[in-house]
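Whatever order the structure lists ligands and atoms in, that order sets their numbers, starting from 1. The chain is numbered in sequence order, starting from 1.
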Amino acid sequence: MKSNKNHSRRNFIIGGLAAGGSVVAGQALSAGDAAIIDKQPWSNELGDGVDVRPYGFPSKFVSNVKRRNVEWLTASTESSVNFTPIHELEGIITPNGLCFERHHAGIAEIDPTQYRFMINGLVEKELVFTLDDLKRFPRENKIYFLECAANGGMEWKGAQLNGCQFTHGMIHNVMYTGIPLKLILQEAGLKGNAKWILAEGADASAMTRSIPIEKVLQDCLVAFAMNGEALRPEQGYPVRLVVPGWEGNMWVKWLRRIEVGDQPWQHREETSKYTDLMQNGKARNFSWEMDAKSVITNPSPQAPLNHARGHTVISGIAWSGRGKVREVHVSLDGGKNWRKARIDGPSLDRSVHRFYYDFDWTGEELLIQSRAIDSIGYVQPTKDALRKVRGSNSIYHNNGIQTWHIRKNGEVENVEVS
Ligand code: MTE
């Protein structure tokens with residue numbers, strides 16, 4: 001095990017672990033418990049009236065549930081990233097206010113009345129749409145994950161960041177309402193030599209990515225709503241591109257233009273950035289699909305075990321850019337033995353899946369891991385297996401198995417086993 005502490009995996013004796021076992025017991029009733037016998041203020045006084053919170057916010061008691069950044073990764077907040085608090089979330093949907101943000105030139109605040117969306121290039125008619133025009137196309141509702149290709153990027157060189165929010169929090173999973181881009185392109189009429197599109201953002205970075213026409217016609221959406229309400233400014237209000245299963249950088253926010261062409265544009269974001277430097281010094285480009293991945297969100301360094309022993313719930317998320325997640329396995333001994341976890345909630349194509357593993361914790365130290373197997377049979381690799389093929393010069397596309405070390409006192413640390 002590699003970490004800032006010098007432990008060896010052999011030192012871990014894991015005994016008596018049984019899936020299932022006794023159900024969690026409540027505490028015995030205590031006659032003097034003030035929380036039961038005293039009348040609490042919330043039962044005694046009137047609460048806020050209906051007009052006080054016209055747009056609802058979470059309880060003040062969960063104010064720690066928030067996006068966070070990593071100071072040493074934040075040179076300027078306008079060209080930076082913060083992370084989804086995945087250790088604080090349940091189910092599969094990311095609430096709008098907690099979706100991680102990745103901007104290259106800050107959040108563009110677009111006046112929807114001045115918003116225009118243009119189609120040009122290899123089409124029969126070049127067209128411009130207002131937001132209202134776009135909303136007259138037939139629309140679809142789809143739940144998809146968006147993962148930044150750099151999610152886990154800091155971990156290529158070893159265990160670094162102590163919290164799944166920071167190691168895996170460049171992901172969100174949202175229901176989008178949008179228009180199939182295919183329908184808009186049909187309106188413009190694709191020319192016979194149309195092979196690629198260029199998607200361009202209206203922010204000051206004018207983010208641009210080339211996307212092959214097959215993908216565009218298959219499932220890309222021009223989305224204007226997330227989880228039932230207008231896109232948040234951070235996520236591209238009023239319109240963003242949705243590229244299901246493919247790396248987040250291609251999901252252009254504040255989408256203002258689609259150009260149709262016959263070859264990729266080779267812009268900055270697909271040449272100098274978002275390529276994978278391999279062991280032989282050559283870079284792999286166009287690694288679009290996100291490989292299957294999973295992580296245990298609870299327990300994890302920011303969410304330690306707060307009970308001594310007994311019935312314990314392991315919870316986590318898994319996803320694949322190639323389809324559904326077929327199975328998730330959990331190990332308690334650093335990958336020597338694997339047990340099948342229970343997937344609960346909707347199992348949707350290219351969406352986050354929620355998994356649970358219940359067991360009786362004896363109070364011993366554990367090395368917990370999860371691995372996802374997707375619907376095409378791909379098995380999430382160990383970090384060592386990944387490095388054998390990719391070297392350790394990469395930043396992007398790190399889907400290696402994550403290990404958390406649980407100490408006897410319930411504290412959790414980010415480590416690696418080999
Ligand atoms: N689109 C524009 N116009 N500008 C940007 O900076 N960042 C990209 C992509 N789309 C970006 C953009 C990157 S790198 C990622 S990972 C995702 O948006 C992040 O989406 P989010 O902020 O909704 O999490």
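Proximity of Met170 to ligand 1, defined as any heavy-atom pair under 4.0 Å, is not found for any part of the residue. For Tyr274, every heavy-atom contact with ligand 1 shorter than 4.0 Å involves the side chain, none the backbone. Contact annotation for Arg240 and ligand 1: only side-chain heavy atoms (C-beta onward) come within less than 4.0 Å of the ligand.
The nearest protein atom to atom 7 (N) of ligand 1, hydrogens excluded, is given as Arg102 O, 3.2 Å; this is a heavy-atom distance. In this structure, the protein non-hydrogen atom closest to atom 22 (O) of ligand 1 is Lys253 NZ, 2.5 Å. Of all protein heavy atoms, the one lying nearest to atom 8 (C) of ligand 1 is Asn249 CA, 3.9 Å. Asp203 OD2, 2.8 Å is the protein heavy atom nearest to atom 4 (N) of ligand 1. Looking only at protein heavy atoms, the nearest one to atom 24 (O) of ligand 1 is Phe100 O, 2.6 Å. From the protein, the heavy atom lying nearest to atom 9 (C) of ligand 1 is Gly248 O, 3.3 Å. In this structure, the protein non-hydrogen atom closest to atom 5 (C) of ligand 1 is Met207 CG, 3.4 Å.
Under a 4.0 Å criterion applied to the non-hydrogen atoms of Cys148, ligand 1 contributes the atoms 16 (S). In summary, the atoms of ligand 1 found under 4.0 Å from a heavy atom of Trp251, numbered by their order in the structure, are 9 (C), 10 (N), 18 (O). Less than 4.0 angstrom separates some heavy atom of His103 from each of these atoms of ligand 1: 6 (O). Each of the atoms 1 (N), 10 (N) of ligand 1 lies under 4.0 Å from some heavy atom of Val252. Of all atoms in ligand 1, listed by their number and element, those nearer than 4.0 Å to a heavy atom of His172 are 21 (P), 23 (O), 24 (O). Residue Glu234 has at least one heavy-atom neighbour below 4.0 Å for each of these atoms of ligand 1: 22 (O).
Counting only N and O atoms by type, the side chains of His87 and Ser300 include no donor and acceptor under 3.5 Å apart. A donor atom on one side chain and an acceptor atom on the other are not found under 3.5 Å apart for Gln380 and Asn399. No side-chain donor-acceptor contact under 3.5 Å links Asn96 and Glu234.
Salt bridge status for Lys135 with Asp132: absent, with no side-chain N to carboxylate O gap under 4.0 Å. Ion pairing between a basic and an acidic side chain is recognised when a charged N comes within 4.0 Å of a carboxylate O; Arg350 and Asp219 show such pairing. The residues Arg342 and Asp358 are annotated as salt-bridged, a charged nitrogen and a carboxylate oxygen being separated by less than 4.0 angstrom. Ion pair Arg232/Glu101 not flagged as a salt bridge, since none of the NZ, NE, NH1 or NH2 atoms sits closer than 4.0 Å to an Asp/Glu carboxylate oxygen. Taking 4.0 Å as the cut-off between side-chain N and carboxylate O, Arg209 and Glu269 do not count as a salt-bridged pair.
Under the 30°/60° scheme for interplanar angles, the aromatic rings of Phe137 and Phe129 are found to stand perpendicular.
The shortest N/O to N/O separation between Trp254 and ligand 1 does not fall below 3.5 Å. Considering backbone and side-chain atoms alike, His104 places an N or O below 3.5 Å from some N or O of ligand 1.
Partner of Lys253 under the side-chain hydrogen bond (donor to acceptor under 3.5 Å, both in side chains) criterion, chosen from His103, Gln235, His104: His103.
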Item to check | Criterion ring-ring contact (aromatic ring centres under 6.0 Å, His included) on Trp196 and Phe286, from CA distance to verdict | outcome: CA-CA 13 Å; Trp196 290 78; Phe286 295 148; 5.7 Å; yes

